[in-house]
J.: 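Quick one: the structure is below, questions incoming.
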Amino acid sequence: MKYDFNQIEKKWQDYWAKNQTFKAENNSNKPKYYVLDMFPYPSGAGLHVGHPLGYIASDIYSRYKRHQGFNVLHPQGYDSFGLPAEQYAIQTGQHPAITTAENIKTYRRQLDQIGFSFDWSREVRTSDPKYYKWTQWIFIQLFNSWYNYKIDKAEDISELIKIFEVEGNANVNAACDDDVEMFSAEDWKKFDGVKQQKILLQFRLTYLAETEVNWCPALGTVLANDEIVNGVSERGGHPVVRKKMTQWSMRISAYAERLLQGLETIDWTDSLKESQRNWIGKSVGASVKFNVMPNVTLSAVEGSQIEVFTTRPDTIFGVSFMTLAPEHELVLQITTPEQKAEVEAYIEATAKRSERDRMADVKTISGAFTGAYVEHPFTKEPIPVWIGDYVLAGYGTGAVMSVPCGDQRDYDFAKHFNIPIQNIFAGVDISEEAFADKEKTIIANSDFLNGLSYKEATKKVIQELEKLGQGQGKTNYRLRDAVFSRQRYWGEPFPVYYVDGMPQMIDIKYLPIELPEVEKYLPTETGEPPLGNATKWAWCTETNTVVDNDKIDNKTVFPLELNTMPGWAGSSQYFNRYMDPHNDQEIFSKEAIDYWQQVDLYIGGSEHATGHLLYSRFWQKFMFDKGYVNHDEFAKKLINQGMILGTSAFAYGFGPGLAYEYPDDVVKAAKAGIVNKKFVIPKESYDKGIEGELDNVTQKIVDDIIAEYKSHGINVKYVGEEFSGTFTPFRISLNNLKGTSDILDVESIRKDPLFSFISEAEFILDENGDYVTHRDVEKMSKSKYNVVNPDQICEDYGADSLRLYEMFLGPLEQYKPWNTAGITGVHSFLKKLWKIYVSENGLNVTDAAPTKDSLKTLHKTIKKVQEDIENFSFNTSVSTFMIAVNELTAQKCTSKGILEPLLILISPYAPHIAEELWSKLGNSESISTAPFPKFDESHLVESSKNYPISFNGKMRFTLELPLDMSKEDIEKTVLENEKTQEQLQGRTPKKVIVVPGKIVNIVG
RNA sequence: GCUGAAGUGGUGGAAUUGGUAGACACGUUGGACUUAAAAUCCAAUGGCCAUUAUGGCCGUGCGGGUUCAAGUCCCGCCUUCAGUACCA
């Protein structure tokens, strides 16, 4: 009987679906285990072989845990709101919900065929109103909360109102906006409703504020910091500009310290934790207020102060100037009339520079003097105030005290503008560069700080500043509040309407507020977000429903929020929703969260380090503060799977449309269609061409080309003698290769519309008549023509082969190239495995007692595989299986006592073949919950060891010796051995090292 | 610049607490089977030298060091990848 993997895999996938084999119960007498994958965004392109890598790993772990007797929750769903479906809708008018549903169907089919043990009964989709009801619900919870630093947790906003009513806000220590005014209890009571709401908004955990945001004109929306990579949008690579807009924000900064501390309690990778630490960016120092010095011409300046943040308050006597960000609010007020023109010109120049320009050019020093001075808090000396774009408006206070001797940027600025630099460090030369080593600092020339270390001086100076009322110790975080509005259609609507311009929450019982239909997915003519196109889109407080924009008679109708939520909204609590996904009364029941607690193992990509994984931790901490969850970290352990890279195929061409390094006149000629002959040459010729020595074939082509150009009256210019750089590498689709080889199928590519530009080209073939492409590893992507579709792999080799091969490629966390050719190795392993159990005449398995050798093979396999799974070293267990099968084949093992447990070991990796053989052995139940075989040490006990005998550390030969032999006897036996004598050639060994059970080393 | 990870055959990668470097595969070469191909099986396969069987030398990015013994530990470099970037 043949190993008919297609039939077997279909059979068991149907069986699992029909019997709901992997459905997890919310209560069980088994211990629970929760394995989570990062749910996919269902893109139109479907899955390529890189996508399932993490899912295969988590599936192996889940199946292993079931064999270990755990009640395993292993759910899957879709992060189905997002830009691509909306962009597609804009282009085609197709509703994103339709596109999304179709894509999900494809994803589901592809996932099913790989044989995952997901509990699909718990599937969630973030774009499903039944799901986003609860995303809206959390938003309302956040709106109704504030962060109290006194107890270090979020509290209901009603608690804050109570405090305001009793004592105003003088004693409140809360996370809030910077510009909250001071008021007493009496003031508060006198404020009108709108004013009170405005103040409360400054404290809420989600709030509306005019902030400087990252605006992406091409996408027509704002972006969060983590959605911008190298100054352009993560999706599409469009430019991003700074713009002031009123937006919803999430007060994640309130949780900065807890997000930082929480990292200590979770088992996540160090690199990921480090990324989050950097993103949170804690720095400890002091804030210092400098009095602006009176100026005869500027009365407005009287009494104003400039606050700076510094991590080096100990260097305060080294301040020789102050620098403000050009955007700093005081700049125009303090600038003197003489400096006005210069300052304004500078501000204008910096405003023009995009974020990207600023990043590209950090070396150029620029700035302008404002003409103003501040007073040094201790010496009372005047300090000139400059502006410079090396100071960022968004960090600290947007102003720095510049200490050139202790900070390289200040140093460079001072040198550039000839500002004096004074040295306040003992025994340090600062004639060439600043001295920034805190640990080696001894302060000098600094009045009461002289002789102190960094730590002592910092403490002392903060005390003195407090006495003056001009400073205090302060901790700053780089983490900014997260902008939560997007000017897009395909996202969660806010459950918000406006009265007198103030946001109001729609009562929870009316959720979900569903996305309205619109005719166009673009912004309205008045520049409102796409939801502004909805005709039915206002909130009627009397009927408590969303109604037509045109007012209903006699009823009060208020405008609704037109923005939608960002992509990360739906993914920030989905892991908890899986615990109770169909509950329409609560986000999840108490019983469900009490049972499942938190995610035990989370597997996903590291690209979410500062996005999803930080926001989710924030929401989880909030949910914890509110008492909804039992853990303030949602995932105990997290593993990042590496990316599977594609192996692109390259050819080298010359001719119009192929080369981009022609001399200009040749390009012109080519574009004019005068010359249209194209060539594709082998890589060697290309390399030689680049190096400057053309071989005969290439030389002939070049001669032909020259002749052809000349016949059109065009002189071809060369770069030197050779045709350097004129042949251009370009990518070939893997579909145009012969099988899994590197050989190009010339006929197929000539017919491929993707490559019509070379359909007429002459291919220069090698002596075998082939064109061999050059292969190179890069990210797998449709645009690089190097994607490999898992459907094809499953069709040709089976899902079990795919699963084994993905694991066999290398360590889970590592980036590694895909090469389909290698899959034959694991595929023939499965065939060999099959052959042990099944021969042409039927089942091979007998009740014969296992041999000693077979028991040894089995038990060392149990040991290794168990260790490997627990260490997530899946690649090495595939090797272990291969070794086991090779050994059992050699032993001609037919014993059920060996072959039955072996199937359980393999089942997590290759579940279909395991189920099939398991049932052939007479089992009527699925293998999925069969207990994992127990390792028995006694089968591995050896009586002898093949000792490596080395001389000066170099292994020369091996010697079989009993393991119970004493050290002395081993030494004696080895020294007496004739091979030893041969090695020593009469010399007496100086020393003999014997490590029983390991090695013998003779030093001579 | 800073932070993190990593450099091992033609390729992917193995190698517990330092203890036989290259497991397991791919690929390549030779052979068997076959009219042929596919499939399958057998053998060889780090490099160099030698060969009558035995062998010898060099080898884990580079240069040092510790040790009886180093891919593994220590010091100093180089390279690659990823993240981050004027954070005061």
Side-chain angles (χ1 to χ4, degrees), chain A residues 229-231 269-275 277-279 281-283 285 308-313 315 323 325 358-359 361-365 388-392 394-403 406-410 412-413 436 476-479 606-607 609-610 640 642-643 647 740-741 775 777 804-805 808-811 813-826 828-829 831-832 835 867 871 873 875-883 886 946-958 979 982 989-995 997-1004:
Chain A
V229 178
N230 296 327
T269 60
D270 288 336
S271 67
L272 199 140
K273 288 191 196 179
E274 200 56 30
S275 293
R277 280 191 202 104
N278 292 337
W279 194 260
K282 180 180 184 175
S283 53
V308 302
F309 173 73
T310 176
T311 54
R312 297 297 304 275
T315 63
T323 317
R358 261 169 96 153
M359 275 166 61
D361 156 49
V362 294
K363 292 280 172 290
T364 314
I365 295 161
D389 68 358
Y390 80 97
V391 178
L392 302 176
Y395 183 75
T397 61
V400 300
M401 58 175 228
S402 303
V403 183
D407 183 289
Q408 193 58 41
R409 290 158 304 169
D410 296 344
D412 295 340
F413 195 86
N476 232 327
Y477 299 90
R478 199 168 69 100
L479 183 69
S606 57
E607 66 273 17
T610 52
N640 292 126
M643 199 182 284
T647 313
T740 55
S741 73
R775 304 298 292 269
V777 171
L804 282 171
Y805 189 50
F808 188 61
L809 281 177
E813 305 87 341
Q814 204 165 295
Y815 279 56
K816 50 217 172 240
W818 177 270
N819 184 359
T820 303
I823 202 170
T824 52
V826 291
S828 60
F829 155 74
K831 285 196 274 192
K832 279 186 222 163
K835 266 167 80 176
E867 282 169 2
N871 295 319
S873 173
N875 54 325
T876 48
S877 33
V878 180
S879 309
T880 305
F881 291 137
M882 290 173 170
I883 293 166
N886 289 344
N946 197 19
Y947 279 92
I949 312 298
S950 39
F951 294 80
N952 296 319
K954 283 174 192 161
M955 207 278 288
R956 287 297 126 133
F957 60 90
T958 58
K979 284 186 184 167
E982 203 177 298
K990 283 182 193 143
K991 204 172 171 187
V992 179
I993 313 277
V994 178
V995 185
K998 282 258 162 82
I999 198 168
V1000 177
N1001 190 16
I1002 297 161
V1003 186

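Remember, it's a predicted structure, so these values are computed and weren't measured experimentally. Just so it is clear: chains get the letters A, B, ... in the order the sequence lines come, proteins before strands, and each one is counted from 1.
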J.: Output all residues satisfying salt bridge (charged side-chain N to carboxylate O under 4.0 Å, His left out) with Arg478(A), sequence neighbours left out; order by chain, then residue number.
T.: none
J.: Rounded off to whole Å, could you give me the CG-to-P distance for the Leu272(A) and rA5(B) pair?
T.: 13 Å
J.: What is the distance, to the nearest angstrom, from the CG atom on Asn640(A) to the C1' atom on rG83(B)?
T.: 12 Å
J.: I'd like to check the salt bridge (charged side-chain N to carboxylate O under 4.0 Å, His left out) partners of Arg956(A); sequence neighbours left out, ordered by chain and number.
T.: none
J.: RNA chain B: Tyr395(A) or Asp270(A), which has the more 5' nearest nucleotide?
T.: Asp270(A)
J.: Would you tabulate the pairs of protein nitrogen or oxygen atoms and nucleotide nitrogen or oxygen atoms of nucleotides 48-59 of chain B closer than 3.5 angstrom?
T.:
residue, atom, partner, partner atom, Å
rC57(B), OP2, Arg956(A), NH1, 3.3

J.: Where does RNA chain B pair, written as one dot-bracket string 5' to 3', with Watson-Crick or G-U pairs under 3.5 Å, ( ) inside the strand, [ ] for crossing pairs and | for another strand?
T.: (((((((..(((......[....)))((((((.......))))))((((.....))))..(((((..]....))))))))))))....
J.: Indicate syn or anti for rG65(B), taking the glycosidic torsion and treating anything within 90° of 0 as syn.
T.: anti
J.: Residues in ring pair (Phe, Tyr, Trp, His ring centres under 6.0 Å) with Tyr947(A), at least two apart?
T.: none
J.: Looking only at atom P, what distance separates rG22(B) and rG9(B), rounded to whole Å?
T.: 14 Å
J.: Tell me the interatomic distance from Trp279(A), atom CH2, to rC2(B), atom C1', rounded to whole angstroms.
T.: 16 Å
J.: Which atom names give the shortest non-hydrogen contact between Pro817(A) and Thr647(A), and what distance separates them?
T.: CB-OG1, 4.4 Å
J.: Using the C1' atom as the reference point in each nucleotide, state the distance between rA15(B) and rU84(B) in Å, no decimals.
T.: 35 Å
J.: Report, as a single string ordered 5' to 3', how protein heavy atoms within less than 4.0 Å touch nucleotides 12-31 of chain B: B base, S sugar-phosphate only, - not at all.
T.: BSS--B-BB--BBSS-----
J.: Quote, to the nearest angstrom, the P distance that separates rG30(B) from rU8(B).
T.: 29 Å
J.: Between rG83(B) atom P and Asn278(A) atom CG, what is the distance in whole Å?
T.: 13 Å
J.: Considering only the P atoms, how many Å lie between rU72(B) and rA6(B), rounded to the nearest integer?
T.: 14 Å
J.: Write down the distance between CD (Glu607(A)) and C1' (rC81(B)), rounded to a whole number of angstrom.
T.: 15 Å
J.: State which of rA88(B), rU3(B), rC68(B) makes the closest approach to the side chain of Val400(A).
T.: rA88(B)
J.: With sequence neighbours excluded, what pairs up with Glu813(A) under the side-chain contact (heavy atoms from CB on, under 4.5 Å) test?
T.: Ile639(A), Pro811(A)
J.: Just checking, is any N or O donor in the side chain of Thr323(A) or Ser402(A) under 3.5 Å from an acceptor N or O on the other one?
T.: yes
J.: Could you give the CZ-to-P distance, from Arg478(A) to rC2(B), as a whole number of Å?
T.: 17 Å
J.: Work out how far the C1' atom of rU60(B) is from that of rG46(B), and round it to whole angstrom.
T.: 11 Å
J.: Could you tell me if Glu867(A) and Asn871(A) have a donor-acceptor pair between their side chains, going purely by distance under 3.5 Å?
T.: no
J.: Starting at atom CD1 of Ile949(A), determine the distance to atom C1' of rC68(B), rounded to an integer number of angstrom.
T.: 14 Å
J.: Lys979(A): which residues meet the side-chain contact (heavy atoms from CB on, under 4.5 Å) condition with it, sequence neighbours left out?
T.: Phe957(A), Asn977(A)
J.: For Val826(A) and Phe808(A), run side-chain contact (heavy atoms from CB on, under 4.5 Å): C-alpha distance rounded to whole Å, both residues' side-chain angles, the deciding distance at 0.1 Å, then the answer.
T.: CA-CA 8 Å; Val826(A) 291; Phe808(A) 188 61; 4.2 Å; yes
J.: Taking only residues two or more places apart in sequence or in another chain, which ones pass ring pair (Phe, Tyr, Trp, His ring centres under 6.0 Å) with Tyr395(A)?
T.: none
J.: May I ask you to verify if any side-chain N or O of Lys831(A) is less than 4.0 angstrom from the OP1 or OP2 atom of rU40(B)?
T.: yes
J.: Let's see if you can work this out: which of rU84(B), rA88(B), rC68(B) has an atom nearest to the side-chain heavy atoms of Val391(A)?
T.: rA88(B)
J.: Kindly write out the residues that satisfy ring pair (Phe, Tyr, Trp, His ring centres under 6.0 Å) with Tyr805(A), not counting sequence neighbours, or none if the list is empty.
T.: Trp818(A)
J.: Could you state the CG-P distance from Asn952(A) to rA70(B), rounded to the nearest angstrom?
T.: 10 Å
J.: Glu607(A): what forms a salt bridge (charged side-chain N to carboxylate O under 4.0 Å, His left out) with it, not counting sequence neighbours?
T.: none
J.: Can you sort out the partners of Asp410(A) under salt bridge (charged side-chain N to carboxylate O under 4.0 Å, His left out), two or more places apart, ordered by chain and number?
T.: none
J.: Taking the same atom, P, in rG10(B) and in rG59(B), what whole-Å distance lies between them?
T.: 16 Å
J.: Can you tell me, in whole Å, how much space there is between the C1' of rU79(B) and that of rC62(B)?
T.: 10 Å
J.: Would you say rC87(B) has OP1 or OP2 under 4.0 Å from some side-chain N or O of Arg409(A)?
T.: yes
J.: For the P atoms, the ones on rU16(B) and on rA23(B), what distance do you get once it is rounded to whole angstrom?
T.: 15 Å
